[in-house]
Amino acid sequence: MKVGVLALQGAFREHEKLLAACGVEPVQIRKPQHLDQISALVIPGGESTTIGKLMNEFKLFEPVVKLGREGLPVFGTCAGLILLARDIAGSEQPRIGLMDICVERNAFGRQVDSFEASLDIPVIGRQPFRAVFIRAPYILETSSGVEVLARFQEKIVFARQGRLLAAAFHPELTGDLRVHQYFLEKCIQAS
Ligand code: GLN
């Protein structure tokens, strides 16, 4: 199975490594034709405004939104979560906007630009997940079709809407495969 990783900016190589470790074939997405034959797509962390700008330049917005609407499973991490959100508090920046969530960017404040935390994520098992947050957003609001999968300090940091998955943290940075496995098993099944 081929899984696309949007490879315009940000932490795409780390996602590729984890996907390969999960036994699927990662495919770097830089042009519309790279989207052919993928069964799912990962949008990495980085800078959501930059990734959005580059998606425009590389003519990827339209085909990604179209495939997403048609049922492609999509997993967004950090900036990827922001790009997946329908609403971004106080921002009109371009977005893929498939998921019924409202997000706040850089939401944990300047003093804690970056931190690690142990998260309870019951859907991936009992052992806590070591999560890396880097200028992370969180989810302010979800609609009824969205399942909250994890919170940190009461803020929603991991959520799923059928085939769509969004994490405010960077599950590609710790070598723990469980979040990626969850995406590959549950979200692809749901599509
Ligand atoms: N702060 C970034 C943004 O707003 C996201 C940070 C990240 O992806 N690590 O796009």
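Bear in mind the structure is a predicted one, so any value in this text is a computation, not a measurement. All ligand and atom numbering here is 1-based and tracks the order in the structure.
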Checking side-chain polar atoms at under 3.5 Å, does Arg160 have a donor or acceptor matched by the opposite partner on Tyr182? yes
Salt bridge (Lys or Arg N to Asp or Glu O under 4.0 Å) evaluation trace for Lys17 with Glu172: CA-CA 8 Å; Lys17 275 186 211 144; Glu172 75 283 11; over 6 Å; no
Without placing hydrogens or testing angles, list every side-chain donor-acceptor pair under 3.5 Å for residues 50-70, not counting sequence neighbours.
from  : atom 1 : to    : atom 2 : distance (Å)
Lys66 : NZ     : Glu70 : OE2    : 3.1

Closest heavy-atom pair and its distance - Leu149, Pro122: O-CD, 3.8 Å
Near ligand 1 (heavy atom, under 4.0 angstrom), the protein residues are Gly45, Gly46, Glu47, Ser48, Cys78, Ala79, Ile82, Arg105, Asn106, Ile134, Arg135, His170
Side-chain donor-acceptor pairs of residues 18-31 under 3.5 Å, sequence neighbours excluded:
from  : atom 1 : to    : atom 2 : distance (Å)
Gln28 : OE1    : Arg30 : NH1    : 2.6
Gln28 : OE1    : Arg30 : NH2    : 3.2
Gln28 : NE2    : Glu16 : OE2    : 2.9
Arg30 : NE     : Ala7  : O      : 3.1

Pairs involving residues 3-55, ordered by first then second residue, that meet ring pair (Phe, Tyr, Trp, His ring centres under 6.0 Å) (sequence neighbours left out): His15-His180
